[in-house]
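Keep in mind that this is a model prediction, so the values were computed, not measured.
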Amino acid sequence: MASARRTAKGVWDRYSASDPGLLRLMAGLRTVGAILLALAVLALVGTSVTHLVAGAMTAMVATFAIQEKEVRGQAITLALGLPVALAAISLGALLNSRVVAGDLFFILLIFGAVYCRRFGDRGTALGLIGFQVYFVSLFVSASVSSLPTLFLTLTVAFACSAVVRFAVVPETPERTLARLREAFRARLAQLIAHQIELLDADTPSGEGPAKNLDDLRRSTARLHEAALMIQGRLEEGTRDAAAAALLQRRVADAEIAAERLGVLLLNARSAERVETLTLHLPNAPTALPRRARIAQDTGTALRRDLRALHLLVVRLVPDDRGTALPYVRNRLLGYREEQGLPQGSQAVQDCFRAIGEAARAILGLRLATDGSQDEEYDSPEVARSREEFEAEEISISGEVAQAEEDEQTGLRRPTTRAAVQVSVGSALAIVGGEFLSTQRWYWAVLTCWVVFLNTASTGEIMVKGYRRLLGTVLGVVAGVALAGAVGNHTWAAFALVLLCVFGMFFTAPLSYALMSFFVTAMLGLLYTLLNTYSLDVLVLRIEETALGAACGIIAALVVLPVRTSHRTDEELGNVLARLRDVVSAAVAQLSGGPAVDLVDLARDLDTALDDLRSSTKPLTHPIAPLRARRQTARYIVALLETCAYHARSLAATAELVPSSKSVAADARLALAGRRITHNIDLIAARVRAEEPDGVIESGASIAAMLDSGRHEVLRTGSVAFRVLRHLQRLDEGIVGLARPLGVPLAVPEEGGAETRKV
């Protein structure tokens, strides 16, 4: 029985890691539940098949359009959405027979729906409801005489959506955050498992290490993604700002400790120094050129302790009392203070120290979520860690009490630009769609609308249009097969529609092409229910989709265009600014300056880097024609991810200065910080198309710059050594950005200062 429970928990952990917070599962269940309940109620009152279809589509729209996090906000938006939907269906029925007036109103509606996105989640939801319900009126050919029945249908659909959202599949910020924490724990366990597999790889040149390294990259990126998702839910999901800041700090500590452990394992696994870039550059050669010889007993101890660390993560739940886990935790935490450190090379001992740091981060995460436990088993090292955590918590509470939150207000021009672009594209789609079909022209308009959603550059629109067309073509094939299979069986068709709806929402965050596939397959079934299905209709769907995508691309190219290169430069400049903020603030605090909220600065950097990564997707997509540009974009993003890792690590170390006895400020670090920030400023100037005022400074290592004639030897594994190593890698990463971005680089003079590597 215990074995079955462990197996079930392992399977659930894997699923929880693949769907953080169960957001995709909940979205699919909530939407399918709303449609199913609406169909049941409408069938009981004897509604026709046409109105069943209208009710199902409206219930779907009323459910997926609302994306607000707080329950109260969701209820208000849903209540406001009903009159918007009733107005949209009424205007659709009134203008259905007036072609010119109907087309003009549709364009105005599209402009307003996109323009409303500037007003946040509520404006976006109401605009989406208005557009989609007007589209429903066109799809079911609404008339004035059918309006009373349609009003009843829409009211039932909204009511059913509310029942499912707030009673059947309730969703609160606290529950979502709790599930995201569980997903973070599961992904942390997966990352450590992949680190164990990397250590167990037999040959340095075979497929084993290459696959292990790919798994390590992927699991590191997935852990970072989960941390960012938690960041986005902290404000609503915690009881107060202090609790949010504390959880944010603990999640960041665990992420940094796990990522650092992976880097040090790579170094221990190789006889040569492994660049951190290896962990962030996709398709990079396996960075294990020559395997280091690790003593058998040391390697066994390292594997044992990694498995013990994995056990601590897997058992990161409050009901694991009375076990041997505290003793395992105590032993691992001792490595952090050189207690019981196994013998081995410096690289291997660094791994044991990193295991101790990771164990401490896991302890902090557990204290932040479940409170103090198992204190009676504490070793002196664990007791000191608890004291440090308590001091940090007091410090965080003080910082939050004095902090003032800044709110962003005002108009955003990108929203207006998108509204103008999609309106022009929709006008072209209406004209072209009318030539293809006077009955189904609205498919071209829908495609044009969709390709503009959540896109900010011409390249993103082109890629999204391509994916929608690909999914539509495949969906037509599936629609033909499904329509032939269900025949005249109405409820069988509705059952398959529900499966398609679930697939659509479950796969939407993963693949836009897959989502388009399920949408088109669902439409084939809906046409069957409306007795308007034919192969010609589905082929017309492909033609209208291609036309709508083309109209969207033309509008994006001609009307207020935003070039992909301009967008990426803008995001790159933002990343460099955030990177400079983190580095300068961390170095200032490590040099004895005032304490600031470095975790918030680090998360701002992560968010900016995520935006840059999204903006470069059109450049790195397989259909992008410029291969050299694709490789350059990947290299730059990987370098910035490496720099962000070292900046986060510096920030985490600097956060310890006010409360830790093992981390002391050193005023000499300010010199290294000035060189790094100077180089960042020069690169940022080039990105802004300004002439850099100077050249990139390089040459002497950071350690050599700080060696003011005293020639002290830094102890490997010490905090000072770690700080210098992160500064050195940051310096190298920033200098590495200079060449692909065309920033002049100073050539060191012969016989210059001797470089000492850290």
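- R185 contributes no side-chain N or O that, together with a main-chain N or O of R181, makes up a donor-acceptor pair within less than 3.5 Å.
- Between T472 and F517, the closest side-chain pair of non-hydrogen atoms is not below 4.5 Å.
- Judged purely by atom type and a 3.5 angstrom limit, T507 has no side-chain atom pairing as donor or acceptor with the backbone of L510.
- Between Q67 and T124 the shortest side-chain heavy-atom distance does not fall below 4.5 Å.
- Interatomic distance, CD1 of I89 versus OG of S137, reported as 5.0 Å (0.5 Å rounding).
- Side-chain contact annotation: S48 with T50, donor-acceptor N/O pair under 3.5 Å absent.
- Between R165 and E171 there is no salt bridge, since no side-chain nitrogen of the basic residue lies less than 4.0 Å from a carboxylate oxygen of the acidic one.
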Exercise. Would T616 and L612 satisfy side-chain contact (heavy atoms from CB on, under 4.5 Å), going step by step from the backbone distance to the final call?
Worked result: CA-CA 6 Å; T616 58; L612 174 64; 4.0 Å; yes
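- We find that E571 and R613 are not joined by a salt bridge, their nearest charged nitrogen and carboxylate oxygen being 4.0 Å or further apart.
- Within the 3.5 Å criterion, the main-chain N or O of L177 finds no donor-acceptor partner in the side chain of R233.
- Nearest heavy-atom pair, L482 versus C500, reported as atom, atom and distance to 0.1 Å: CD1-SG, 4.5 Å.
- Atom OG of S437 and atom CG of L547 lie 11.5 Å apart (nearest 0.5 Å).
- Judged purely by atom type and a 3.5 angstrom limit, Q421 uses its side chain to pair as donor or acceptor with the backbone of V559.
- Side chain of S426 to backbone of V422: a donor-acceptor contact under 3.5 angstrom is found.
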For this session: Assess whether side-chain contact (heavy atoms from CB on, under 4.5 Å) is satisfied between F158 and V61, documenting all intermediate values.
Result: CA-CA 9 Å; F158 270 80; V61 172; over 6 Å; no
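- Atom-to-atom distance recorded for L95:CG and L104:CG is 10.0 Å, nearest 0.5 angstrom.
- Checking R122 against T77 by side-chain atom types alone, a donor-acceptor pair falls below 3.5 Å.
- Using a 4.5 Å cut-off on side-chain heavy atoms (C-beta onward), L152 and P148 make no contact.
- No side-chain heavy atom of F494 sits under 4.5 Å from any side-chain heavy atom of L36.
- Taken from CG in L37 to SG in C160, the straight-line distance is 3.5 Å, to the nearest 0.5 Å.
- Although no hydrogens or angles enter the test, the distance criterion places a donor-acceptor pair under 3.5 Å between the side chain of D19 and the main chain of L25.
- One distance of note links CG of L428 with OG of S423; it measures 11.0 Å at 0.5 Å rounding.
- Using a 4.5 Å heavy-atom cutoff, the side chains of W441 and L436 are not in contact.
- Taking the ring axis of Y512 as reference, the NZ or CZ atom of R467 does not stay both within 45° of it and closer than 6.0 Å to the ring centre.
- Side-chain atoms of S146 and H51, non-hydrogen and from C-beta on, do get closer than 4.5 Å to each other.
- For Q132, there are no side-chain hydrogen bond (donor to acceptor under 3.5 Å, both in side chains) partners at least two apart in sequence or on another chain.
- Looking at K464, its side chain does come within 3.5 Å of a backbone N or O of V450 through a donor-acceptor pair.
- One N or O on the side chain of R24 and one on the backbone of S18 form a donor-acceptor pair closer than 3.5 Å.
- The ring of F135 has its center closer than 6.0 angstrom to the ring center of W443.
- In summary, the aromatic rings of F105 and Y134 are positioned with their centroids under 6.0 Å apart.
- With ring centers used as reference points, F131 lies under 6.0 Å from F106.
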For this session: Go through the steps to decide whether M60 and M504 satisfy the test side-chain contact (heavy atoms from CB on, under 4.5 Å), and finish with yes or no.
Result: CA-CA 11 Å; M60 180 177 68; M504 177 172 58; 3.5 Å; yes
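- At a threshold of 4.0 Å, the pair E544-R541 does not count as salt-bridged, since none of the basic side-chain nitrogens sits closer than that to a carboxylate oxygen.
- Ring geometry, F111 versus Y115: the interplanar angle falls under 30°, so the pair is classed parallel (tilted spans 30 to 60°).
- Nearest heavy-atom pair across G471 and T520 is O-OG1, 4.4 Å.
- Looking at heavy atoms from C-beta onward, L526 lies in side-chain contact with M57 at the 4.5 angstrom threshold.
- Within the structure, side chain to side chain donor-acceptor pair (under 3.5 Å) pairs that include any residue of residues 52-63 comprise T63-S161 (at least two apart or interchain).
- In terms of heavy-atom proximity, I35 sits nearest to L498 at CG2-CD2, 3.4 Å.
- Environment of CD in E70: sparse, with no more than 12 heavy atoms of neighbouring residues, nucleotides or ligands closer than 6.0 Å.
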Exercise. Given the rule in the side-chain contact (heavy atoms from CB on, under 4.5 Å) test, do T31 and F502 qualify, once you have shown the distances and angles that lead to the verdict?
Worked result: CA-CA 7 Å; T31 307; F502 182 82; over 6 Å; no
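- Looking only at side-chain heavy atoms (C-beta outward), W449 and V114 come within less than 4.5 Å of each other.
- Under a 3.5 Å cut-off, the side chain of N574 and the backbone N or O of A608 do not form any donor-acceptor pair.
- Residue A38 comes nearest to A157 through the heavy atom pair CB-CA, 4.3 Å, listed as atom of the first residue, atom of the second, then distance.
- Smallest separation of non-hydrogen atoms from A142 and L150: CB-CD1, 3.6 Å.
- To the nearest 0.5 Å, the span separating CD1 on I66 from CG on L128 amounts to 10.0 Å.
- The two residues S615 and T568 have their closest heavy-atom pair at O-CG2, 3.4 Å.
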